[in-house]
Amino acid sequence: MDKLDTLERDLMREIAAAGDLQTLEAARVSALGKKGRVTELMKTLGGLDPEARRAAGQALNALKDQIADAIEARKAALADSELDARLAQERIDVSLPARPFEVGRIHPISQTIEEMVAIFGEMGFSVAEGPHIEDDWHNFEALNIPAEHPARQEMDTFYLREAADGTRKVLRTHTSPVQIRTMQTQKPPLRIIVPGRTFRADYDATHSPMFHQLEGLVVDETTHMGHLKGTLVEFCRAIFGVDDLPVRFRPSYFPFTEPSAEVDIGCSRKGGELKIGAGGDWLEILGCGMVNPKVLENCGIDSSRYQGYAFGMGVERIAMLKYGIPDLRTFYESDLRWLRHYGFVPIEAPSLVRGL
Ligand code: PHE
């Protein structure tokens with residue numbers, strides 16, 4: 001019995017001292033394992049007389065249970081503190097700055113189109129679209145561009161292979177065919193803008209075989225040249241953000257408008273640097289005019305009742321002027337360094353209220 005008391009004290013001390021699950025398991029094996037100290041004592045019971053065997057047996061079993069319970073309790077305590085330690089170590093510091101992530105950029109062409117749409121949208125225009133591959137009638141004929149017109153020459157224009165009926169489709173050379181498509185499918189009053197891709201056989205620092213235009217068309221019973229001028233002066237000042245920008249209408253010629261004009265904005269070219277605004281020099285930026293009655297008639301619109309105006313401009317040209325981009329070809333090179341420099345942050349959608 002004395003031996004048992006000493007053994008109990010020793011074992012309980014060992015269990016309490018076990019600092020991790022491995023040490024605890026070693027203590028369990030040395031007490032209750034096949035060759036453990038309690039197990040060895042159990043084996044000696046056989047040599048005792050029945051009286052003493054019963055008493056010693058009870059005491060040994062009680063010790064066995066006590067040790068097993070103590071081990072379980074210690075195990076639970078160790079697991080808890082291990083979890084506490086892990087929680088303390090793996091804690092997330094929400095005040096740390098977030099990891100950076102890659103944000104794409106809006107291409108200056110898209111940005112400029114968005115800005116134009118924002119300005120004309122505010123004036124009540126809606127956006128229309130049309131196909132890039134056009135037929136001769138929509139791209140030329142209906143717009144009063146006769147067969148012998150230089151715009152039709154192979155050197156200027158991309159034609160597709162001749163169809164069985166002898167006709168040839170063309171990559172649209174301007175957004176004006178969408179004027180025709182809109183007048184054929186919608187009834188006046190019309191007030192549309194048409195941003196989109198256009199194609200011509202040109203290639204140098206200011207011309208690309210694929211480029212973008214923005215077309216405008218208004219048709220109703222009362223719109224006159226004063227509205228055309230007011231709208232375009234307002235547009236030029238808004239897009240360049242210059243309130244007193246000088247704007248000049250210069251007589252010109254387009255087959256689909258009559259009268260026609262080209263619009264110049266004021267600038268200065270002093271010291272080889274181009275600055276938009278008052279400065280005594282002029283820069284051409286768009287073409288416009290009153291819709292030629294022949295074009296209205298080609299679309300089945302009564303030209304004695306309806307009239308309107310149209311305009312067209314190059315998006316690249318405006319983007320180059322506004323954002324100081326010197327070479328048009330860089331727009332299409334997909335150079336990420338260029339895009340990071342000239343591109344725009346996606347969430348800052350252009351709006352007139354916040355400024356363009
Ligand atoms: N379509 C003309 C061009 O490409 C531009 C324009 C459009 C002119 C509408 C007048 C009216 O040059």
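A quick note: this is a predicted structure, and the numbers were derived from the prediction, not measured. Whatever order the structure lists them in is the order used to number ligands and atoms, beginning at 1.
Summary of contacts: the protein heavy atom closest to atom 2 (C) of ligand 1 is Phe256 CZ, 3.7 Å. Nearest protein heavy-atom neighbour of atom 5 (C) of ligand 1: Gly312 CA, 4.0 Å.
The backbone N or O of Pro108 lies less than 3.5 Å from a partner atom in the side chain of Thr112, making a donor-acceptor pair. Under the 3.5 Å distance criterion, the side-chain polar atoms of Gln213 are matched with a main-chain donor or acceptor of Thr175.
Which parts of ligand 1 touch Glu215 is read off a 4.0 Å heavy-atom cut-off, strictly below it: atoms 7 (C), 9 (C). Close contacts between ligand 1 and Gln213 involve ligand atoms 3 (C), 4 (O) [criterion: under 4.0 Å to a heavy atom]. Taking every heavy atom of Gly287 and a limit of under 4.0 angstrom, the matching atoms of ligand 1 come to 8 (C), 10 (C).
Checked by distance only, ligand 1 and Thr173 stay at 3.5 Å or farther apart across all their nitrogen or oxygen atoms. Residue-to-ligand polar distances place Ser176 within reach of ligand 1: an N/O pair is separated by less than 3.5 Å. Not a single N or O atom of Gln179, backbone or side chain, sits closer than 3.5 Å to an N or O atom of ligand 1. For ligand 1, the polar-atom distance check against Arg200 finds a nitrogen or oxygen pair separated by under 3.5 Å.
Under a 4.0 Å heavy-atom criterion, Glu262 is not in contact with ligand 1. Contact between Tyr309 and ligand 1 is absent, with no heavy atom of the residue lying under 4.0 Å from the ligand. Heavy atoms of Met313 stay at 4.0 angstrom or farther from ligand 1.
Aromatic pair His212/Phe331: ring centres not closer than 6.0 Å. Checked against the 6.0 Å centroid threshold, Tyr323 and Phe344 count as a close aromatic pair.
No salt bridge links Arg200 with Asp202; every basic N to acidic carboxylate O contact stays at or beyond 4.0 Å. We find that Arg329 and Glu316 are not joined by a salt bridge, their nearest charged nitrogen and carboxylate oxygen being 4.0 Å or further apart. With salt bridges taken as basic N to acidic carboxylate O contacts below 4.0 Å, one links Lys43 and Glu40.
Neither Val178 nor Leu286 shares a network with the other; the hydrophobic side chains, linked directly or stepwise wherever heavy atoms of I, L, V, M, F, W or Y lie under 4.5 Å apart, form separate groups for each.
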Q: Report the C-alpha distance between Phe235 and Phe125 in whole Å, list the side-chain angles of each, state the deciding distance to 0.1 Å, and finish with yes or no for ring pair (Phe, Tyr, Trp, His ring centres under 6.0 Å).
A: CA-CA 12 Å; Phe235 166 77; Phe125 286 79; 9.8 Å; no
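Heavy atoms of Cys288 found under 4.0 angstrom from ligand 1 belong exclusively to the backbone.
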